[in-house]
Number of protein chains: 2
Amino acid sequence: MAKSTPLPGKNVRGSASGRPIMALLDLLGRRWTLRILWELSAGAQTFRDLQTACDGASPSVINTRLKELREARLVIHSAGEGYQLTSQASELVEKFLTLNDWLDSWARSLK
Amino acid sequence: MAKSTPLPGKNVRGSASGRPIMALLDLLGRRWTLRILWELSAGAQTFRDLQTACDGASPSVINTRLKELREARLVIHSAGEGYQLTSQASELVEKFLTLNDWLDSWARSLK
DNA sequence: TAATGTGCTACTAATATCGAAGCATGCTAT
DNA sequence: ATAGCATGCTTCGATATTAGTAGCACATTA
């Protein structure tokens with residue numbers, strides 16, 4: 001059975017509760033998903049640019065992740081611009097990945 | 001070659017830059033990692049309780065994730081208490097805990 | 001019309017994860 | 001002391017996911 005896109009209200013891998021947080025944790029816990037959101041937070045990218053930015057990850061995975069992110073309305077594709085975050089995703093990435101201070105302190109603590 | 005724990009300053013899957021953000025994205029993008037942090041944010045848990053909370057995920061994966069999280073100093077294990085977040089990890093998880101409004105709006109937008 | 005860019009799909013191989021079983025240690029009650 | 005019981009795992013074959021390479025279809029540009 002093919003893995004389906006985790007969305008609020010649906011059963012997701014590891015939880016049958018339908019709670020949005022579980023869908024989000026499942027979605028973001030797939031390989032390359034966080035990285036893609038991160039790379040797109042810098043601005044719109046074409047499929048190939050995105051692939052390059054992701055250190056040459058397979059097109060098959062990139063494409064699967066983009067499909068999931070589009071179903072989850074976190075990414076949209078527009079002909080001229082390429083792939084970009086929805087405003088909703090921008091908010092998420094802002095909350096989630098504005099971690100500069102935290103990252104510095106994490107890195108220091110591990111030296 | 002076995003997958004190693006992604007840490008700041010090291011080469012991680014998908015990036016040779018050593019940047020802390022890349023280590024974090026790799027670490028958090030592994031299955032169950034986000035979920036474990038989420039479950040532990042409610043308080044310390046024993047290995048088995050954590051496994052139950054994670055809907056019966058395999059002990060092998062849970063154990064691998066816990067090892068990684070301990071190496072990354074995001075989780076500690078104390079004999080009496082079980083597994084728990086470090087203060088650093090708590091700060092990080094704050095980011096998820098403050099997502100309630102975002103999650104509601106995400107869920108609504110997908111109905 | 002040939003070259004280039006873009007967004008993919010198809011396929012096989014490698015890796016990661018699942019799922020069940022079970023082991024070792026340290027309690028605790030009998 | 002010993003028979004449970006909880007905890008923290010380890011092992012292993014089966015299954016699922018991801019990686020990696022090749023190449024197709026369409027559009028634009030030269």
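Computed from a predicted model, the values in this text were never measured in an experiment. In what follows, chains carry the letters A, B, and so on, assigned in the order in which the sequence lines appear, proteins first and then strands, with residues in each chain numbered from 1.
Within the structure, every pair that satisfies the ring-ring contact (aromatic ring centres under 6.0 Å, His included) test and touches residues 49-79 of chain B, not counting sequence neighbours, is listed here: B:His77-B:Tyr83. Sorted by first and then second residue, the side chain to side chain donor-acceptor pair (under 3.5 Å) pairs involving residues 94-103 of chain A (not counting sequence neighbours) form an empty list.
With contacts defined as side-chain heavy-atom distances shorter than 4.5 Å, the pair B:Pro6/B:Arg13 does not qualify.
For the segment residues 24-41 of chain B, residues with any heavy atom less than 4.0 angstrom from an atom of DNA chain C are, sorted by number, B:Arg31, B:Trp32.
Counting any heavy atom pair closer than 4.0 Å across all strands shown, B:Arg65 reaches sugar-phosphate atoms only and no base atom.
A search for salt bridge (charged side-chain N to carboxylate O under 4.0 Å, His left out) contacts involving B:Arg30 returns B:Asp26, B:Glu68, not counting sequence neighbours. Evaluation of the side chain to side chain contact (heavy atoms under 4.5 Å, CB included) rule for A:Arg19 yields A:Ser17, A:Ile21, A:Met22, B:Trp38 as partners, not counting sequence neighbours.
From B:Leu28, atom CG reaches atom CD1 of B:Ile36 across 11.5 Å, with rounding to the nearest 0.5 Å.
Summarising the geometry of A:Ala53 relative to A:Arg35, their closest heavy-atom pair is O-NH2, 3.0 Å, with the distance given to 0.1 Å.
Rounded to an integer number of Å, the gap from CZ of A:Arg13 to P of C:dT17 is 9 Å. Across the protein-nucleic acid pair, B:Ile62 atom CD1 and C:dG19 atom P stand 12 Å apart, rounded to whole Å.
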Checklist entry - For nucleotides 5-10 of chain D, read 5' to 3', which letter fits each nucleotide if B means a protein heavy atom sits under 4.0 Å from the base, S means only the sugar-phosphate is that close, and - means neither? => result --BBBB

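Using a 3.5 Å distance cut-off with no hydrogens or angles, the side chains of A:Thr46 and A:Asp49 do pair a donor with an acceptor.
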